[in-house]
Structures are given as structure tokens and as C-alpha cells.
Amino acid sequence: MKDKVAIVGMGCSKFGERWDMGLSDLIIEAAYEGYADAGIEPGQIDAVFYSNGTTGALAATPVADALKLKNIPILRNENYCCSGHIALIEACMAVASGAYKTVLAIGAEKLKDTGFAGLGAGRGISTVMEARRTAPGSFALIGTRYFEENGISYDEGKRLLANIAVKNHANGMLSPKAHFHKEITVEDVLKAPIIATPLGLFDCCGNSDGAACAIITSAENARSFRDDPIWIKGFGISMDAGLPHMRPGFGWTSFDALKVSSGKAYEMAGIKNPREEIDVAEVHDCFTVTEMLIYEDFGFSARGRARDDIDSGFFERTGGLPVNVDGGLKCFGHPVGASGIRMTYEIYKQLQGRTDNPERQLKGAARGLSHTFGGPPQLSAVLIAGNEKG
Amino acid sequence: MQPIGITSIGVHIPYYYMQRNTIAAAWGARGLKGCRSVANVDEDAVTMAVEAIRDAGADALGGGIQALYFASTTAPYAEKSHAAIVATACNLPETVFTTDIASSLKAGTGALRMALDAAIARPGTNTVVVAADCRDAAPKSPQEQLFGDAAAAVTIGDENPIAVIDHMSGNTREIVDVWRNAGERNINTAEPRFVTDCGYKSAMQAAVASFLKETRTSAPDYTRLVISTSDLREYLAVSKKLGFSPEQVQDPLMLEIGCSGTAQVFVALAAALETATPGDRILVANYGNGADVFSLTVTDAICRCPRRSRMRDLLASRRELAEYGRLLSFRGTIEPAAGEPFRLTISTAMTWRDQGTYLGLEGSVCEECGTAAFPVNRVCHSCGAKDKFTVSPRSHMEPEIFTYSVDRLAGRSDDPVVVQTVAEDKSGCRYYLNMTDFNPEEIFVGKKLNFTLRKIHNLGNFVNYYWKFRPLRKAEEKTNEG
């Protein structure tokens, strides 16, 4: 798949509590930025891949209705937090297959219409077995076990994770479209109310409204849209079997889905040493502890040594491998179905040198990775893109 | 015929208790002495009954149990069998005869009488009699302080009884003294002197006197008198009138537990048996519109009973509930604010189909590779074998915490802390359950846990039961070491 398709336009709405905007408004905001970026007319789109988690059994009608796209396939996927990435990857495969010439991948989520601050308790299929399962309560299980196995005390662990929140908040300050603009300190993180030990308020990402899109076409067509298309280098998707909570022998400090999805993407992109060969990464920091785990499972840090890289600032904007430069899920926000495309939007802009704030722009970034991690968690999707063909 | 008696006994004393002064202080009143036990927000008569049966070890007998009688005045359903829920949660075979006995405070001793008669009529019949109550009284009433929640279970049969039942008799006395109409939450009481003099005292004295006459015994022939009571003193007056010295009278634990309805005499009997020696004779008298009286002779088998000083340890391993508002909320007297929205839908078909998981806590052991998993894995997680497994009930296991989180988002306002817990048992089987009856300061990776059936919610307008973890209590750690 390497270099067979390219992204020629992208759009991203302002993320946040968009009380005055509906799902269709968000879709229109992202799509028309994407159209303009690619210089494309809506009529040139052959198919749409739509990602959304929370609107229930509606198929992809919100996209067709908002954008007045007629008589083309518009397909929706719901794959937890990976929905956006899976829309992108489906779009890439559809173009690579030759079935469609130019397609739109669009993700949108209107979480603030649910009436609640969080995603809610009670997840899964069984009404009683997972009656009180929450997102923070599940991801927090990683932290307790990671600290136990690595001989890190609760207080040391809290402080370690706080550094990730502080980094992402500093980055978010430089992202005009981000949900949160608030500089914080390690002490702020430590003093914040506990959500689910060891995670406090600042260890958790925002629940936001937002939409993002990408226009994808074949390698042959790419330069007819623009001089600086961003090439798809590789991707990987992995779903593990069984709720991790009940999976026999599961260790909680590493996820096969993370290792396999990144491994497949590296293989496709020809990457041997991701720590050295990736210039910028947007990874799934739904919680600070998730970002720490990903450093290790993606080969950015040695096993059990993420703390060394956190302490040395390796993942900061000025470090060896900047991670979540736009503020991440933590500050940019997490409208579930849109997030994978929003992360790829940041990579796209960074590789083109066209981010919306020069202070955030990295110098000379040529290859970037975006990633989402979904479910209890169980599902992971990775996309690698570059600004040069070959 | 083999002598028939009590072959095992178990109790459930809830984890929480409340000082009577705490209740009184909320109303600017003077508190009665002592404290009362308080069922946790996820407990009811059904879940407490299961705990008591597990404490008696009766769930482990499985096919050795032919009948289960569930007795309670406060069972959650007006129509629907509770005994069926209890039997399924205890993994008893479906051939077990179950029945629910309700409405009277004598329901428990009445069930014992029926179990005794059944064992006489059909030798070899082993019956579990379980009594559980969470009675409610109006806020500020004396009964609100005097009531306490508890459950007790006895097995009745002829296989090595720890105490042989020598004789049973009683009387029936119609009186409107303490009652609760259908649909009411709180009990009604007539004038206190009338209730005591014409109800409790009169019926108890007559029943015990007549029992002593029938058996040609007198008070000094008994080591212990176990007697029900609804207040702190009247039982002593009745005992004295019947010729029993204060030393003979078993402490009904009114200062520690309170009046636990149908369970009360069985809880006190369990305490009496803990200190009993072979040959002791125990007289039990229980009131409820008339009285039931029976006598026991303790056998040598008591020496093999692992219950020594268990009651003291159970009472010592409780936690004080210091907020009266939470008591009202636990009972449903006041409605707490809703927590996070609930994302799942209910199906009676799913609840029925998955009862092996929800109530039976059944897992699977792969016949190809031996992997133990919960719930049943039709396709083995480890080797992929399809439909090659043995169903394996897991509720007797004592898993240890593998990882956990003290979650302050998932709960409701009167029970705000949910401990998300992943634990593993010694066969490698993993479980994900919430924890209950815990002190958040005392949770750590590696801590040993017990399973306990609890109410999860009332979605679908019926009670949805499932298992939770609870840390082992002091009394249980002792037994298990032995």
C-alpha cells in the first residue's frame, strides 16, 4: 500500500463545547474546509467513509443530509475511538482498489448533546457484568498494574503521569482549534480531584464536539490537486479477543493490539526504528497512562523505561520525538468518531509545514504517525504518512 | 431412625453498622444504647440469604441438599420466588424443592419445623432453612434504631448433626400488634404496653411453659435459652419469669445487631453454638403472633465445627456508617441524585439465558488445554477448541487482586466509590467485578477476595443480581487458615 494513495485536502472544525452547533453544522464546517484545501467540488467525490460513535442506528444519513451528497455510497463505521482511523483506512483501501477515484473520509461527533459530562457508566453487552464500567475506570487499571510491576510508588506514578498532562496542555495552548487552552503545572495535576485512581481530572481527556475530514485520491491523481500531497506510507489495525478485564493471563502493562497495529504499519512503511524514523506522532492520550503505555508498545521507549523519556522531555515539542503537538485528546478534545482524522490532520499540516500557529510548527518533519486506541480497550489503529513519495 | 438436627449453621452480619446515637442525633433526640447493623446499598434479603448459606457451607453440598426454604418478611418481590434465586446462586441442582415462607416473624422457625417434619417423613432429606430480613421503620421511631439487618441459615438433616432437635411445639395467638400492609415500607405498631403484654410476653410465656410441661423439663435442665426480642430488655423479664437465670440467657446481640426479624433467633443460636460443648441443651423460643419453641442437644460433632469465636470476629470486622443520610438513601427512603447515565438496556430473556453466569458464577475449563475462564468461553481463549469445556461454578474460589482502580465517577451519590477490580484465582481464571463492603484504604494488589451476590440495579423494574468481590473479613481469614 505504501505511496499508492495520498491525502490532498483536509479539514477540521473547532473542537470544544459547541452548544450552538449541531452534528450537521460540524460536518459542514470540516467538509468545506477540506473541499477548499483540496480545491475540489463536492460533485467530484465518488464515495464517503463516515465515522461516528454515538448517534445510534442512523447509518450515514447525517453526512448525506448535511452535505447534500446524492447517489454515491456513504458508509458509516462505529469502531470505538478508532472509528476515525478506520474511515481513513477504508477510504485508502477503496481508492487503492481502483473502485473509486476520489473519496471523502469524515468523522463527526456531538457528545455535548448527551446531557452528561462523561461517556457514562455501563458499557459492553451485559446489563449487569459491566454495569459500572467506565472509560477512566478501565484505563486506570493499567496504571495500578504498571506501578506495581515497575516498583513505582503511587505518588511517584502520579507525578510521572502528570508530566504528560503538563506537556499536552502546553501544546494545546498553541492550537487555536483545541478545546482547552489552559497552562497547568505538575502541582495542579496532583491537586486535582481523583476520577479513578491513579487518574485525576487532568489525567483525563476532554469530551468534545467536533468533526474532521480528509480527501483521498490515487497517487496518479494526487498532484492534479496540489503540489504537496501527503502520502500514505502504511497502516495497521488490530483487535484483540475478549474484554481485557477477563482475558486469561492478560498482563495490563502491554496490549497486543498496540504492538501488532504499530508493527504492521511500520512494516508497510519500511520503518525499522520508530524512535529514530518517526518525526512526529499523535497517539491516543485518552488518559495520561495510555500515552505512557503507548510509548513502550510502539517502540518509542524501551520496555519499562518510559519514565526516563518522560523525565528527559523526549516527547515534548522540542524533544527527539514530539508527541501530541496539537495538545492531543487531552487538550484538543475527543469527539470520538472525529479524533483519528483530527490527529491525522495535525500530521498532514505538520508535514506540509502549514500548521495554523507557527509556534507549533516543527522544523523538517517528513514522516508522522497517528493512532487511536478504542474500547475496553481492545482495538488499535495506526496510520503513517510522509511528505515525500518513495 | 437417625436423630435429626442442625448439621450446619451460618450467618451474615452486614459490613456496616450505625450507632443508635447517630440516628437519634439526626432528629435531636436521645439515642438508645448500642448500634444496629445496616445492609449495604446493594444488599437485600435475597443477597443476605445467599451469604448466610455460603457461610454455613451449604452451597458446597450441592446434590446433598433436597430442599431450600427461604423465610423473610422483607423479600423484594410480592410475587415471584426468592428461593429460586437463592438456590441458583448457590448452584443447587434444579431437582431441589424450594419454597418461600413470608409475612410472619415466625417464618424462619416455621420453616425449620417444616424441614424437621420433612426429615422425619422422608429420612435422608437435607433441607436448607434460610431466614433474612431488612426491616424498615419510620424515621425517628424507636424501631428505626432497634431494627438491624442480618441473615442466618441452618441445614436440617440426619447426617452428623452438631445439635439434635429433641422436641418442637408452640402456639398461635392472633393479635394486631406489629404489622405492615401490602405496599407499605415501614411497620406499624400498636400501643407499646399492649404489644408487649398481650403479644410477646403472653405468647412466649405460655408457649415455653407448655413446652417444659410436655417435655417434663424445667429451666435448670438447659444450658442456654435463645429467645427473640424486639427491644433491649423484655426478653430478660420473660426469661426470669420462666425461671431462667441471666447467665443462661443467650445475648440476642441487640446492642450490636438489633432485631433482625426472622433471622434473629438463628443468629443468636449460631452465637450460642460457638461456645457450646457436647451434651449442652439449648432451648429456642421465637415470637410472631404466637411462639415457636424447640430444644436441642449439642453433639460431639460440634467439636469439628469451625465456628469458634466467629461472631465476635465478624462483629469486630465491620465498618461504621457515620452518615444518617446515607442510611435513608440505602433504604430507598430518599432518592439519591442519579450518577453517570447508564448505557445498557435490559432484557428478561438475556437475564434468564445468562443465569448460569449472573447467578451461578459459572466459568469454563477447557477440556483440551485446561484454560479456566469466566464467563463460559465456548471457543477457548488459549487453544481455540470449540465447545469442548466443562462448566465450572467459581463462587467458592478466593481470587487475589491483579489490578484495580478506586473509581469516583461510576457510582451513585449515596455509594460514590466503585472499586473496579480485576482478580485472578489460583487456576488462572480472571474476573472483572466491582468491589463492595470495603475500606478504600485497605485495598492493594494481591489482596485476597471473596465473592458475594449483590443487587446491581433495578433496570426493567426487576432486581438484577450479580456477583461482586468483597475483601475477606477477619472471621473468614481464620476459618480458611484452619
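Every chain is numbered from 1 and lettered A, B, ... according to where its sequence line falls, protein lines coming before strand lines.
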Glu367(B): which residues meet the side chain to side chain donor-acceptor pair (under 3.5 Å) condition with it, sequence neighbours left out? Thr390(B)
Which atoms form the tightest heavy-atom contact between Pro248(A) and Arg430(B), and what is the distance? CA-CG, 4.1 Å
Which bit of Ala372(B) comes within less than 4.5 Å of chain A, counting heavy atoms only: side chain, backbone, both or neither? backbone
Just give me the residue among Met350(B), Gln420(B), Glu424(B) that pairs up with chain A most often, heavy atom to heavy atom, under 4.5 Å. Gln420(B)
Pair Tyr466(B)-Thr127(A), side-chain donor/acceptor within less than 3.5 Å: no
Chain A contact via Phe402(B) - which portion, at a heavy-atom distance below 4.5 Å: both
How long is the gap from CE on Met129(A) to CG on Asn434(B), to the nearest 0.5 Å? 11.5 Å
Looking at Val445(B), Val406(B), Asn464(B), which makes the most heavy-atom pairs under 4.5 Å with chain A? Val406(B)
Atom of Pro375(B), atom of Met246(A) and distance for their closest heavy-atom approach: CD-SD, 3.5 Å
Of Tyr432(B), Phe374(B), Tyr404(B), the one forming a ring-ring contact (aromatic ring centres under 6.0 Å, His included) with His245(A) is Tyr432(B)
Taking all heavy atoms of His381(B) and all of Ala241(A), pick out the closest pair and write down the distance. CE1-O, 3.4 Å
Other residues, nucleotides, ligands: >12 heavy atoms within 6.0 Å of Lys191(A) NZ: no
Got a second to check how far Arg132(A)'s CZ is from Leu409(B)'s CG, nearest 0.5 Å? 10.0 Å
Given Ile401(B), Val422(B), Leu433(B), the one with more heavy-atom pairs under 4.5 angstrom with chain A than any other is Val422(B)
Leu201(A) CG to Arg408(B) CZ distance, which is reported to the nearest 0.5 Å: 14.0 Å
For Tyr295(A), give me all partners under ring pair (Phe, Tyr, Trp, His ring centres under 6.0 Å), at least two apart in sequence or on another chain. Phe315(A)
I'd like to check the ring pair (Phe, Tyr, Trp, His ring centres under 6.0 Å) partners of Phe250(A); sequence neighbours left out, ordered by chain and number. Trp252(A), Phe255(A)
Contact listing (chain B partner; residues 54-62 of chain A; heavy atom under 4.5 Å): none
Does a side chain donor of either Thr134(A) or Asp407(B) reach within less than 3.5 Å of an acceptor in the other side chain? yes
CZ of Arg159(A): more than 12 outside heavy atoms within 6.0 angstrom? no
Within a 6.0 Å radius of atom CZ on Arg353(B), are there more than 12 heavy atoms belonging to other residues, nucleotides or ligands? yes
Quick check on Thr357(B) against chain A: is it the side chain, the backbone, both or neither that has a heavy atom closer than 4.5 Å? side chain
Would you mind checking which part of Leu199(A) comes under 4.5 Å of any heavy atom in chain B, side chain (CB onward), backbone (N, CA, C, O), both or neither? neither
For Lys264(A), does the NZ atom have more than 12 heavy-atom neighbours from other residues, nucleotides or ligands under 6.0 Å away? no
Heavy-atom pair of closest approach, residues Ser405(B) and Leu141(A): N-CD2, 3.7 Å
